Number of protein chains: 2
Amino acid sequence: MTEARPTLRERKKQATREALRSAALRLALERGPANVRVDDIAEAAGVSPRTYNNYFSSREEAIVAAVMAERASRVAAAVAARPADVGLADAVVDAVVEQYTDPGDDARDALLMIMTSPALRACYVDTVAAVEGPLADAIAARCPGIDRLTAEALAAGVGAAAKVAVRGWLGSTTQSASMPGFVVASGSLPALLRSSLTALVPALDAAGR
Amino acid sequence: MTEARPTLRERKKQATREALRSAALRLALERGPANVRVDDIAEAAGVSPRTYNNYFSSREEAIVAAVMAERASRVAAAVAARPADVGLADAVVDAVVEQYTDPGDDARDALLMIMTSPALRACYVDTVAAVEGPLADAIAARCPGIDRLTAEALAAGVGAAAKVAVRGWLGSTTQSASMPGFVVASGSLPALLRSSLTALVPALDAAGR
DNA sequence: CCGAATTTTTGCGTGCACGCAAGTTTGCGC
DNA sequence: GCGCAAACTTGCGTGCACGCAAAAATTCGG
């Protein structure tokens, strides 16, 4: 065992978190997201309702977390893993697209459910924002002399462009009141992501040197 | 009168909205934001508590709205107003900085209060996001042949960079749990905004042609 | 000016987020 | 093992957001 096993307390915490995540996802898929109360999730996971909110700060968060677990850190890792001789722009764009190109592990229908429910969608785009921190680190690591603020601005820009692509993917309606819950797939998500991120390539190139 | 007076109904709606805004701001400044319930705001504005939520979807929103009213559209207008022979990058950067350089109308202490309260800060950065729509329009108007998705990606990037600058301005802590409510001014906001936006200038330049 | 259609306000009920103060479990040095 | 300190869980109370349907206000055609 190369990994020192984390303390009992830590393992229990992760177990509880996982139990809540999967219970939330399962119930949401069975009954539809509107028919799941946090009390139900808590009961299914064997903890008190109050405890649920010690782990997740909204009803939607657990459901989305079940699908998006660790995607944020994987983007950063993917950027770091790119060979040093490819430009920053290519490294970042490819890494981001890669993570969204194959969501299809076993979460196909979960993704569809998330895209269908406005509340879940909102929570999902917040998840996209979570890549910004790790991504900023990865960018900074790749560009030795770079300003910290610049790295964060670029990472935030990438996150924002990704959000735009996702919103565009769902149809043209931003999140306005027009036809909520109406989903139109207008092109493939990877292609949209690439288009959207292309706008930022010059900025990434400039920073990469 | 060049403007046809809007219907009575419309005028009343705006009056109610304004009454809620100013009541919220006044009470928050008097008692501190934590000691204002939405019931208080509603009562001060002479409407039912339920009506408050027909106008604002969170307790913080009215307070922030009182300060930020119409700033979003002003940024877009400022971009549109720049002479056509200045580059897109300069037009956008100057317009954004301009709007945040002089918040000092009479809202100095209101801004300080917003920066001091975590919940209000969060709502404030959401407000920054509201510039993105109008800004995308302005960018699209300035660059005739530009792709719509590209314009939105750029606008979102600008918004994101502005958010980073604002966060950085409040001290290095993002919105983490470390010392909430502790404010450190680490440079002037306009300077930070300029630095942050500089990272995106190459992208704007590339799109401007 | 009158009544029907539309919009806004309001009260009510439900579910949710979270601070607080016990109660309970785990970690750790002895 | 023992016991104390730290961390986690739980119940409770408060305030908040919002769907729904009844009531009040506004508009508009005649």
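In the text below, chain A, chain B and the rest are named by the order of the sequence lines, each starting its count at 1. Values in this document were obtained by computation on a predicted structure and should not be read as measured data.
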Asker: Do Tyr124(B) and Val166(B) touch side chain to side chain, with heavy atoms closer than 4.5 Å?
Answerer: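 Contact flag for Tyr124(B)/Val166(B) side chains = yes.
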Asker: If we ignore hydrogens and angles and just use 3.5 Å, is the side chain of Ser57(A) paired with the main-chain N or O of Asn53(A) as donor and acceptor?
Answerer: no
Asker: Going by the side chain to side chain donor-acceptor pair (under 3.5 Å) test, which pairs reach into residues 21-36 of chain A, not counting sequence neighbours?
Answerer: Glu18(A)-Arg21(A), Arg26(A)-Glu30(A), Arg31(A)-Asp40(A)
Asker: Does the distance from a Lys or Arg side-chain N to an Asp or Glu carboxylate O, for Glu132(A) and Lys163(B), drop under 4.0 Å?
Answerer: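 Lys163(B) and Glu132(A): not salt-bridged.
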Asker: Please list, in numerical order, the residues of residues 25-38 of chain A that have a heavy atom closer than 4.0 Å to any atom of DNA chain C.
Answerer: Val36(A), Arg37(A), Val38(A)
Asker: What is the bend of the helix from dC1(C)-dG30(D) to dC30(C)-dG1(D) when you compare the axis at one end with the axis at the other, using five pairs each and rounding to 10°?
Answerer: 20°
Asker: For the OG1 atom of Thr116(B) and the CG atom of Leu112(B), what is their distance to the nearest 0.5 Å?
Answerer: 4.5 Å
Asker: Would you say the side-chain atoms of Ser196(A) pair up with the backbone N or O of Ala161(A), donor to acceptor, closer than 3.5 Å?
Answerer: yes
Asker: Heavy atoms within less than 4.0 Å of DNA chain C: which residues of residues 51-69 of chain B have one? Give them sorted by number.
Answerer: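 Contacts with DNA chain C under 4.0 Å: Thr51(B), Asn54(B), Tyr55(B).
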Asker: Quick check: does any side chain N or O of Tyr52(B) sit under 3.5 Å from a backbone N or O of Ser58(B), one acting as donor and the other as acceptor?
Answerer: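 Confirmed, Tyr52(B) side chain pairs with Ser58(B) backbone.
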Asker: CD of Glu43(B) versus C1' of dC16(D): gap in Å, rounded?
Answerer: 17 Å
Asker: Closer than 3.5 angstrom, by distance alone: can the side chain of Thr150(B) be matched with the main-chain N or O of Ile146(B) as a donor-acceptor pair?
Answerer: no
Asker: Hey, is the main chain of Val47(B) close enough, under 3.5 Å, to the side chain of Thr51(B) for a donor-acceptor pair?
Answerer: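 Checked: no pair found.
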Asker: Spell out protein contact along nucleotides 24-30 of chain D as letters: B when the base is contacted, S when just the sugar-phosphate is, - when no protein heavy atom is under 4.0 Å; keep the 5' to 3' order.
Answerer: -BBS---
Asker: Pairs in or reaching into residues 134-145 of chain A: which pass salt bridge (Lys or Arg N to Asp or Glu O under 4.0 Å), with residues at least two apart or in two chains?
Answerer: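 Residue pairs passing salt bridge (Lys or Arg N to Asp or Glu O under 4.0 Å), neighbours aside: Asp137(A)-Arg148(A).
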Asker: Do Arg59(B) side-chain atoms and Val36(B) backbone N/O form a donor-acceptor pair below 3.5 Å?
Answerer: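 Looks like yes, one N/O pair under 3.5 Å.
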Asker: Using atom CG of Asp39(A) as one end and atom C1' of dT10(D) as the other, report the distance to the nearest whole Å.
Answerer: 13 Å
Asker: Just by modelled atom types, is the Ala62(A) backbone N or O under 3.5 Å from a matching donor or acceptor in the Tyr55(A) side chain?
Answerer: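 Pair absent, no side-chain N/O of Tyr55(A) close to backbone of Ala62(A).
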Asker: Just by distance, do the side chain of Thr127(A) and the backbone of Cys123(A) share a donor-acceptor pair under 3.5 Å?
Answerer: yes
Asker: Between P on dC16(C) and CG on Leu20(A), what's the gap in Å once rounded to a whole number?
Answerer: 14 Å
Asker: Separation of Arg50(B) atom CZ from dG15(D) atom C1', in whole Å?
Answerer: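 Rounded to the whole Å, the gap is 15 Å.
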